[in-house]
2 protein chains.
Amino acid sequence: MKMSNGVEWALHGCVTLSQSRDPVPAARLAELHGTPPAYLAKHLQALSRAGIVRSTAGQVGGYLLTRPAAAITVLEVVQAIDGTEPAYRCTEIRQQGPLAVPAERCDRPCAIARAMASAQEAWSGALAGITIADLAAGIDADSEGTAMADVRRWLTATA
Amino acid sequence: MKMSNGVEWALHGCVTLSQSRDPVPAARLAELHGTPPAYLAKHLQALSRAGIVRSTAGQVGGYLLTRPAAAITVLEVVQAIDGTEPAYRCTEIRQQGPLAVPAERCDRPCAIARAMASAQEAWSGALAGITIADLAAGIDADSEGTAMADVRRWLTATA
DNA sequence: GCCCCCTTACTCGGATACCTAGTGTCCGAGTGTGTATGG
DNA sequence: CCATACACACTCGGACACTAGGTATCCGAGTAAGGGGGC
């Protein structure tokens, strides 16, 4: 089970975008995070499709959050990049083989699928309880309150 | 984020093995579950390496659980097949780019990594709280108490 | 001086190669059983 | 009748192809700004 690497870039990108009131081009974000520009752009497209960011074309265009950072959960970003379907997919092997269970009695998921689904639920719940604003606050706390100010300064410096 | 398909087979296989006191060959398990025999064998090898099942060679050999089903958690089986490292791997991009944080101040994981780790913890905790015995009981309950008896009968029938 | 149009440079967006990791399969090494033989 | 040695059939284990999804990249379509020209 491996999560797409783009999730990390998308989360960092959203935190950065939360500090800007003007659109930020993908190339600028890539420069700040030291990531391949084109690949980061691909993931930003996914965020755009999910309605988390809004893109503006043209000369001073770029990406911008559609909502306040406190209204965007980590779960939304993860699902936008990595997809919404759960990690465990039941292939209904209980309906296979000599002891197959008839399909009519498989109205509810089997016990194994239920167990995996409950774990997935716990995971999703944890991520849904954290917002981009929380992440920004955490990063700020780690750097004694200077990190976000530095980001804001850097974004406006070369703009 | 996609979990290996072999996890489902391994869990079903462990439930089946919990119903047998004699070794069960991989080919027999594959027949019961309708899965490719060679591929299932590959995953059983992983379970063997993890110490969850014990293999016996020879004419009446096969696989057997090393512990009571109530002492084997779903988490163990999942990690044996899918690996122990978490789905999210932080690449420390905070140390990249023009606003890089010096490595000396990165003694603890960044806020994003902490958020993902807490979610992973919730997921692992949920799976660690369910045992193979619980799964067997759940499957039994779904079929009004006949499923495990049918498995035991089938295992001894063609042995 | 003001308005309109055009050029320009910059942006995103999707379509296109590459590469790792999961999927699936096969054959060889090892082992315990069962039988045939000799005492 | 019992012990021993052998041959056998069956088991696992690791090594070998194949395929899908993630990784990385590029170029074209579209747009807003800014400058130049006309009124």
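Every chain is numbered from 1, with letters handed out A, B, ... down the list of sequences.
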Problem set entry | Carboxylate-amine/guanidinium contact A:Arg114 B:Asp142, below 4.0 Å | yes

For this session: Indicate, with a heavy-atom threshold strictly under 4.0 Å, whether B:Ala26 touches base, sugar-phosphate, or nothing.
Result: sugar-phosphate

Problem set entry | Between C1' of C:dT11 and CG of A:Leu64, the distance in whole Å | 14 Å

Problem set entry | Short N-O contact, A:Arg94 and B:Glu8, less than 4.0 angstrom | no

Exercise. Is there a donor-acceptor pair closer than 3.5 Å between any side-chain N or O of B:Gln19 and the backbone N or O of B:Thr16?
Worked result: no

Exercise. What parts of residues 6-24 of chain A reach DNA chain C, counting only heavy atoms under 4.0 Å away?
Worked result: none

Problem set entry | A:Ser143 (side chain) donor-acceptor with A:Ile139 (main chain) under 3.5 angstrom | yes

Exercise. For the side chain of B:Thr156 and the backbone of B:Arg153, is there at least one donor-acceptor N/O pair under 3.5 Å apart?
Worked result: yes

Seminar exercise, completed: Sorted by number, residues from residues 47-56 of chain B placing a heavy atom under 4.0 Å from DNA chain C are none

Problem set entry | N/O donor-acceptor pair under 3.5 Å between B:Ser118 side chain and B:Ala115 backbone | yes

Exercise. Just wondering, do B:Pro98 and A:Trp154 contact through their side chains at under 4.5 Å, heavy atoms?
Worked result: yes

Exercise. Taking for each residue the nucleotide of DNA chain C bearing the nearest heavy atom, is the 5' side occupied by A:Tyr63 or by A:Lys2?
Worked result: A:Tyr63

For this session: Starting at atom CD1 of B:Ile81, determine the distance to atom C1' of C:dG22, rounded to an integer number of angstrom.
Result: 13 Å

For this session: Starting from the 5' end of DNA chain D, give me the residue, A:Gln59 or A:Asn5, whose nearest nucleotide shows up first.
Result: A:Asn5

Problem set entry | Donor-acceptor under 3.5 Å (B:Asp82 side chain, B:Gln79 main chain) | no

Exercise. Of all residues at least two apart in sequence or in a different chain, which pass the ring-ring contact (aromatic ring centres under 6.0 Å, His included) check with B:Tyr88?
Worked result: none

Exercise. In whole angstrom, what separates B:His43's NE2 from C:dG22's P?
Worked result: 10 Å

Seminar exercise, completed: From the list B:Arg89, B:Glu85, B:Met3, side-chain contact (heavy atoms from CB on, under 4.5 Å) partner of A:Lys2 resolves to B:Arg89

Problem set entry | Test item: A:Leu32 and B:Gln96 side chains (from C-beta on) under 4.5 Å apart, heavy atoms | no

Problem set entry | Within residues 84-94 of chain B, residues whose heavy atoms come under 4.0 Å of DNA chain C | none

For this session: Using modelled atom types only, decide if a donor and an acceptor are shared between the side chain of A:Ser48 and the backbone of A:Arg54 within a distance under 3.5 Å.
Result: no

Exercise. Is the closest side-chain heavy-atom distance between B:Ser124 and B:Leu127 below 4.5 Å?
Worked result: no

Exercise. Which is it for A:His12 and A:Thr35 under the side chain to side chain donor-acceptor pair (under 3.5 Å) test, yes or no, and what are the steps along the way?
Worked result: CA-CA 11 Å; A:His12 279 274; A:Thr35 61; over 6 Å; no

Problem set entry | Span of DNA chain D, from the first to the last nucleotide whose atoms fall under 4.0 Å of chain A heavy atoms | D:dT23 to D:dA33

Exercise. What do the steps show when you test A:Ile52 against A:Tyr63 for side-chain contact (heavy atoms from CB on, under 4.5 Å), and what is the final call?
Worked result: CA-CA 10 Å; A:Ile52 296 173; A:Tyr63 289 97; over 6 Å; no

Exercise. Once you round it to whole Å, what is the distance between C1' of C:dG14 and CG of A:Leu44?
Worked result: 15 Å

Exercise. For the pair made of CD in B:Gln45 and C1' in C:dG24, what is the distance, rounded to whole Å?
Worked result: 13 Å

Seminar exercise, completed: When B:Leu65, B:Thr131, B:Val53 are each screened for side-chain contact (heavy atoms from CB on, under 4.5 Å) with B:Ile72, the one that passes is B:Leu65

Exercise. Across the strands shown, which category fits B:Ala41 at heavy-atom distances under 4.0 angstrom: base, sugar-phosphate, nothing?
Worked result: nothing

Extract from the structure each pairing of a protein N or O with an N or O of nucleotides 25-27 of chain C at less than 3.5 Å, listing the distance.
none

